[in-house]
Amino acid sequence: MRIIPSIAACLLLAACSADEASRPDRSVTVVAQEIEYLPEESIVEAIGTARAARTAELYPEAAGEVVAVRFSPGDYVGAGTPLVELEARAERLALKLAEVRVEEAEQLLARYRRIEDTGALSESQIEAGETALAAARIERDQAADTLAERTVRAPFAGHVGFTEVDVGDRITPTTLIAQIDRRDRLFVEFNAPEAVFQRLSEGTSVELVPFSQPERSISAPIRAVGTTIAEDQRSYRVRAVIANEGDRYRPGMSFTVRYRDRGRMRAAVPEAAVVWGGEGSSVFAVRDGKAVRVPVTIAARRDGLALVDAQLERGALVIAEGVQKVREGQAVELVEPRTRDAAPVETAGAQ
């Protein structure tokens, strides 16, 4: 008989609790957070390869025997520096002979000029002397050019690579002497997807991470963009440039290329604020002291935030903690309401 009153008491308490919980005017304590609007971001990654700002393969202009190699692999040489010399005895003699003929033609024309007023020479003879001098000078210049071809010189300042040419070798115009690179600046070329063609353009900055130094990040502006889209890969060629201070990097090195593509602005809410139900995802906004369910569509997630499409005005309060005990239209009491500091957004947008 004692058990019956106890059961009745328990049922009465449960009924009271259920009745209290069903009262919509009963407020609950929650923590709300002011929403912010952030750009939707996607990271585009590619692999880039470095090349020198200027590079050239050096070939001789003439055939012959190598008599001197005046550089070592890796040397930095100035523009016009002699690198390889070929045997040139015959060419030097030809130049001396041409210079002698110029001197003879000059002396003959000078004699003609001295007696020109005496009438001893016709005008045609003087003109022939002038023509002979001009022809002798042309022959001298040709001989000088032929002699110059016996020396391979640096076309611009840069670093010279390895060579397979040694003194005593006989080479031809098809023999590769060496490669010279100007690498105070490097171009990093990569393929970018067609989807970012309108946004990844000249002047935009990208992030470069060297394979040899994964802890290092370099901001590099884009200097050139390909004019066509490769049909097989649906991508286009892009060239960024970096200053190679301290000669740290080399042509041919690989870089990870990252570009943060900024999309449309979306409302950012804490991930914990999103609740799921039969009608999909939603959040509870605080309006006039009451909880109002607002449907949302999650577009992206970043740093503990959900970027959503929703009817949420800028500065609205969204319940971030205590959302599990909130119902539509229920009065809420804010505890320690706070505004979340705006998350830093690292971008590589157009400059």
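Because the structure is a prediction, the values reported are computed rather than measured.
For the pair Arg137 and Glu106, the salt-bridge criterion is met [side-chain N within less than 4.0 Å of a carboxylate O].
Put simply, the side chain of Lys325 gets close to the backbone of Thr29: a donor and an acceptor are under 3.5 Å apart. Between the Glu328 side chain and the Arg293 main chain, a donor and an acceptor come within less than 3.5 Å of each other.
Contact record, Thr163 with Ile177: OG1-O, 2.6 Å, taken as the closest heavy-atom pair. For Val269 against Val283, the heavy-atom pair with the smallest separation is CG2-CG1, 4.3 Å. Of all the heavy atoms in Val296 and Ser281, the pair that sits closest is O-OG, 2.7 Å.
Partner of Glu99 under the side-chain contact (heavy atoms from CB on, under 4.5 Å) criterion, chosen from Val102, Leu97, Leu95: Leu95. Of the listed residues (Tyr249, Phe211, Phe187), just one forms a ring-ring contact (aromatic ring centres under 6.0 Å, His included) with Phe255, and that residue is Tyr249.
Both tests hold for Arg54 against Phe156: distance to the six-membered ring centre under 6.0 Å, angle to the ring axis within 45°.
Linking Ile, Leu, Val, Met, Phe, Trp and Tyr residues whenever their side-chain heavy atoms come within less than 4.5 Å leaves Tyr59 and Ile180 in two separate clusters. Note on Val225 and Ile242: same hydrophobic cluster, where clusters join Ile, Leu, Val, Met, Phe, Trp and Tyr whose side-chain heavy atoms are under 4.5 Å apart, directly or indirectly. Note on Ile218: it clusters hydrophobically with Val44, by side-chain heavy-atom contacts below 4.5 Å among ILVMFWY residues.
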Side chain to side chain donor-acceptor pair (under 3.5 Å) between Arg185 and Asn244, worked out | CA-CA 5 Å; Arg185 293 187 308 148; Asn244 191 17; over 6 Å; no
Carefully, step by step, assess Glu189 and Thr49 under the rule side-chain contact (heavy atoms from CB on, under 4.5 Å).
-> CA-CA 5 Å; Glu189 298 182 349; Thr49 302; 5.9 Å; no
Table please: side-chain donor-acceptor pairs of residues 76-84 below 3.5 Å, with sequence neighbours left out.
unit_1, atom_1, unit_2, atom_2, d
Thr81, OG1, Gly78, N, 3.2
Thr81, OG1, Gly78, O, 2.8

